[in-house]
Amino acid sequence: MKIDLVPNEDEPPSGGSRPSPSALRPPASIEAFQHKNLDDDEFWRRIPQYRDVDRDTFLDWRWQGKNCVTNVKDLRATLQDLVPEAFYRDVELGLARAPMTVRLTPYVVSRVDWQNRDRDPVRRQFLTIASQLRPEHPMTHFDSLHEQEHSPVPGLVHRYADKALFLTLDTCPVYCRFCTRSYSVGLDTQKVEKLSMGLNRLRWERAFEYIRSRPEIEDVVISGGDTFQLKPDQIKLIGDTLLDIPHVRRMRFATKGLAVLPMKILTHHEWVDALAAVHRRARKAHKEVCIHTHFAHPNEITGVTRDAMNRLFEEGITVRNQAVIMRGVNDDADTLKLLVKRLSYVNIHPYYLYQHDFVPGVEDLRTSLSTTLDLERRVRGATAGFNTPTFVVDVPGGGGKRDAHSFEHYDRTTGVSVFRSPNVDADALYLYFDPLHLLPAEGRARWSDPAEHGAIVEEAIAVVSPPKKQLTSYETAAMTPTVFDRVVGHA
Ligand code: SF4
């Protein structure tokens, strides 16, 4: 096709078309560039214990590991008089009730504004304080995603036909309050005796054997715990073993490490070299190896993160982010928009935003589904579509990730939402429950009566499914026999 490049006499002499004033956007405000403002100073020196720590020391991944805060005594030695004595007592009481132990890298400690400790979005994710805890929802239980029920061998979850989740170990560089696997990850707490999923080569062999035996598995998520904890030769062993399996086409190393220990990418050269070697070998075999990580708040992204990401980007390694929506952390549209833009700026793809999993000990962090639906409306359109996360609910009962909008029924008074997941189980229904303290008074009143619990659940599922269909729901003493009889596995 011939394109006529001769300018029209009516057009400006430059040959370009004169912009229509009505089509011009007003100049961007200073806030529009906020995502580029990454903390590049020596921010850790604000913490009494790190006042004299130089940059090289702070960026040393081994120093970070050796100086983690793992109890109140460490916290006191680190923060000293930055917080009042009453705060240490609040932490002590909080940890006595928490399902996760505490482990904070100096990097995480330094990202908290301790003057604003009650509301700080980083503190809220990692350090439990008793004064903010709320009673459990009566339907809560451990392993809400029913991972163990979908594990043909210990530590290998096979829920979707073409995908497997390989839980390699049960430790992490930090322990998050909101952990889905609080039933297994980290040390025992006063409240929870953990199911051991420690690093065990025999267990790994059984997992590899299972993957080899199932040609439909193309996608393997290597998780834990956290794969930052794997040694370089273990990264190589897992990567090479899976690459040797012809039907495995994609693997993702899951780690929160980039958000809590980004300097490992800059100073643990053997680890990055091992990952890069697996990645290069995969590309030659036309397979994909990438990282899935978890930043929940823009304050977690600093100049150190940018430098770490530049290193991975130069290696060609794709990094995607999967964040959880948490109350008081990121449950407002401005924070999420800034997070999405800052992630994109450092070349991390904002992939998923999750409804908080329905696990114990975090009722102060969970939000209602209606909050997620509202946030989705307000975040979409803030940046390019490919950098806009999908808002999902990993539905309790093992139905997998469902688009937050795809519920079959949502009762905003009782807070019960009902989902289907046809590719997991065409007949089953999966229920999510909003936190009680966020319900209207009528809903709270109904849940305050244990005799009502079964009826609330039954009402929600009756809207979607006529009686006699199989249902997946929660095992609870509060359920009436009528509902209980209709639950998968209990009929
Ligand atoms: S890093 Fe992941 S596995 Fe480890 S405690 Fe946090 S959420 Fe759980």
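Whatever order the structure lists ligands and atoms in, that order sets their numbers, starting from 1. One is the number of the first residue; the rest follow in order along the sequence.
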Looking only at the aromatic ring of each residue, does the gap between the centers of [Y] and [X] stay below 6.0 angstrom?
X	Y	result
Tyr432	His356	no
His158	Tyr210	yes
Phe391	Tyr354	no
His137	Phe358	yes

Considering only heavy atoms of [X], which atoms of ligand 1 have at least one such atom less than 4.0 Å away?
X	result
Asp226	1 (S)
Met100	5 (S)
Cys176	1 (S), 5 (S), 6 (Fe), 7 (S)
Lys256	1 (S)

Report task. Name the closest protein heavy atom to atom 4 (Fe) of ligand 1, giving the residue it belongs to and the distance to 0.1 Å. Result ->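 That would be Cys172 SG, 2.3 Å.
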
**Report entry** Nearest option to atom 3 (S) of ligand 1, as decided by whichever heavy atom of Gly225, Pro173, Ser223 sits closest
**Finding:**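 It is Gly225 whose heavy atom sits nearest to atom 3 (S) of ligand 1.
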
Query raised in the report: Any side-chain heavy atom of Thr388 within less than 4.5 Å of one from Val340?
Result: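 SC-SC contact between Thr388 and Val340 ruled out.
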
Query - Flag side-chain contact, heavy atom, 4.5 Å: Leu127 against Val69 - result: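 No; the side chains remain at least 4.5 Å from each other.
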
**Report entry** Under 2.8 Å: N/O/S of Cys179 next to atom 8 (Fe) of ligand 1
**Finding:**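 Yes, within the cut-off.
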
